[in-house]
Amino acid sequence: MLRATRFVRLGLLLFFALPLAAHALVTWQTSDLSLGWRSADWSSTGTLPAAPQMPEAMVRVYCAPVGGWRSIFAVHCWVVYKEAGAAAYQRYDVMGYSGAPVRHNRFPPDGKWYGNTPELVAEATGAAAAALIPKVKAAIADYPFAGMGDYVIWPGPNSNTFIAHVVRQVPELQAALPSNAIGKDFPVDGRWLDWAPSGTGVTASLGGYAGLTLAWVEGVEINVLGAVAGLDLRRPGIKLPGFGRIGL
């Protein structure tokens, strides 16, 4: 028992505490943590063409580091879609300030988040996207934590819980949210054991406070208080708290 306890403590130190401390140091040296909501840059990154110039259907999932000291730990994710021939993109996020948490077109579809350039996590275009859009719409409409006061920053349900819910309802996207998308492992339906959002494995969660995922798309992920460490099996790499995925 003593050896097991020491082994667990060593694992927590090596795979959780040290990476978070290292990422905190990197973030402090390279980012402006003083930027507030009003002073940050929320403009388009220009990575999406104007909607009329893209006649085919499209679905994308984006994630970007959050602002201030929270960027040490977490990213914010959102979903964008455009039906074939539509004149505009549709962006959906969940946000925690006043009002209903699900927000529609509050920012540009490919906009920066607190000045941070988003990462494209998943994408479908053309006929494949057209087939997925009804499922995306249904998932957004069916999100059970869309009421006033439902948002909880940690362990969830938060913005990443919302996108994990959408991904779970649209497994054809084969999307793996970044390991530092804190809140993605919060069990929307309350189940402690369920299919992984991609549908390629299983996940166990103790209310979002701790959990384990074993899946082809998500890989092996161990969740401790929202921080995730693990291995990416599909695209070989490691996952560390704060840093997210580091490809090998």
Side-chain angles (χ1 to χ4, degrees), residues 11-31 45 47 59-67 69-80 93 110 112-114 116-124 154-156 158-168 170-186 195-205 208 210-248:
L12 291 174
L13 176 65
L14 292 178
F15 298 110
F16 290 90
L18 289 180
L20 280 174
H23 193 256
L25 180 61
V26 170
T27 303
W28 178 71
Q29 292 181 331
T30 61
S31 303
T45 59
T47 54
V59 177
R60 286 189 174 187
V61 175
Y62 288 102
C63 296
V66 298
W69 62 268
R70 292 180 300 158
S71 61
I72 295 170
F73 307 99
V75 297
H76 168 82
C77 302
W78 64 92
V79 63
V80 174
D93 308 56
D110 60 349
K112 298 175 183 177
W113 190 256
Y114 276 97
N116 298 308
T117 300
E119 169 194 1
L120 180 61
V121 173
E123 179 182 27
W154 177 85
N158 59 22
S159 61
N160 298 321
T161 309
F162 169 65
I163 298 303
H165 165 75
V166 173
V167 169
R168 189 182 299 276
V170 194
E172 297 90 342
L173 272 173
Q174 294 287 282
L177 296 186
S179 58
N180 50 351
I182 291 178
K184 70 181 181 66
D185 295 321
F186 182 85
W195 293 107
S198 68
T200 62
V202 295
T203 185
S205 178
L212 173 67
T213 297
L214 300 172
W216 175 242
V217 171
E218 287 87 350
V220 179
E221 295 186 348
I222 300 173
N223 172 7
V224 177
L225 299 179
V228 172
L231 298 172
D232 188 340
L233 305 176
R234 183 176 55 156
R235 300 174 300 153
I238 59 174
K239 301 181 178 186
L240 294 175
F243 290 98
R245 179 185 176 276
I246 301 174
L248 301 180

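Below, all heavy atoms of this structure are taken into account, side chains as well, without hydrogens, waters or symmetry copies.
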Hey, can you tell me if H76 and W113 have their rings parallel, tilted or perpendicular (30° and 60° cut-offs)?
parallel

Any side-chain heavy atom of V61 within less than 4.5 Å of one from L177?
yes

For a 4.5 angstrom cut-off between non-hydrogen side-chain atoms, does V224 reach L12?
yes

Test: salt bridge (Lys or Arg N to Asp or Glu O under 4.0 Å). Region: residues 211-221. Which pairs qualify, not counting sequence neighbours?
K184-E221, E221-K239

Apply the side-chain contact (heavy atoms from CB on, under 4.5 Å) test between F16 and each candidate in I222, L240, L225; give the one that qualifies.
I222

Taking all non-hydrogen atoms of both residues, which atom of Y62 and which atom of P118 are closest, and how far apart?
CD2-CB, 3.9 Å

Using 0.5 Å steps for rounding, measure from the CZ atom of F186 to the CG atom of N158.
9.0 Å

Approximate separation, where rounding is to 0.5 Å, of S198 OG and W216 CH2:
11.0 Å

State, with a plain yes or no, whether a side-chain heavy atom of T200 is found less than 4.5 Å away from one of Q174.
yes

CG-CG distance between L25 and L20, expressed to the nearest 0.5 angstrom
12.5 Å

Quick check for you: to the nearest 0.5 Å, what is the distance between T45 atom OG1 and K112 atom NZ?
8.0 Å

On a heavy-atom basis, which atom in N116 and which in A64 lie closest, and how many Å separate them?
O-CB, 4.0 Å

Report the residue from D185, N223, T213 that forms a side-chain hydrogen bond (donor to acceptor under 3.5 Å, both in side chains) with T203.
T213

Within the side chain of N180, is there an N or O that forms a donor-acceptor pair under 3.5 Å with the backbone of A74?
no

Could you work out, with ring-ring contact (aromatic ring centres under 6.0 Å, His included) as the rule, every residue matching H165, not counting sequence neighbours?
Y143

How long is the straight-line distance from CZ of R70 back to OG1 of T27, given to the nearest 0.5 Å?
13.5 Å

The reported gap from CH2 in W78 to CD1 in I163 (rounded to nearest 0.5 angstrom) is 9.5 Å

Hey, does the side chain of N160 reach the backbone of I182 with a donor-acceptor pair shorter than 3.5 angstrom?
yes

Please name the pair of heavy atoms, one in A164 and one in P197, separated by the smallest distance, quoted to 0.1 Å.
O-CB, 4.2 Å

Can you check whether P178 reaches V121 side chain to side chain, under 4.5 Å on heavy atoms?
yes

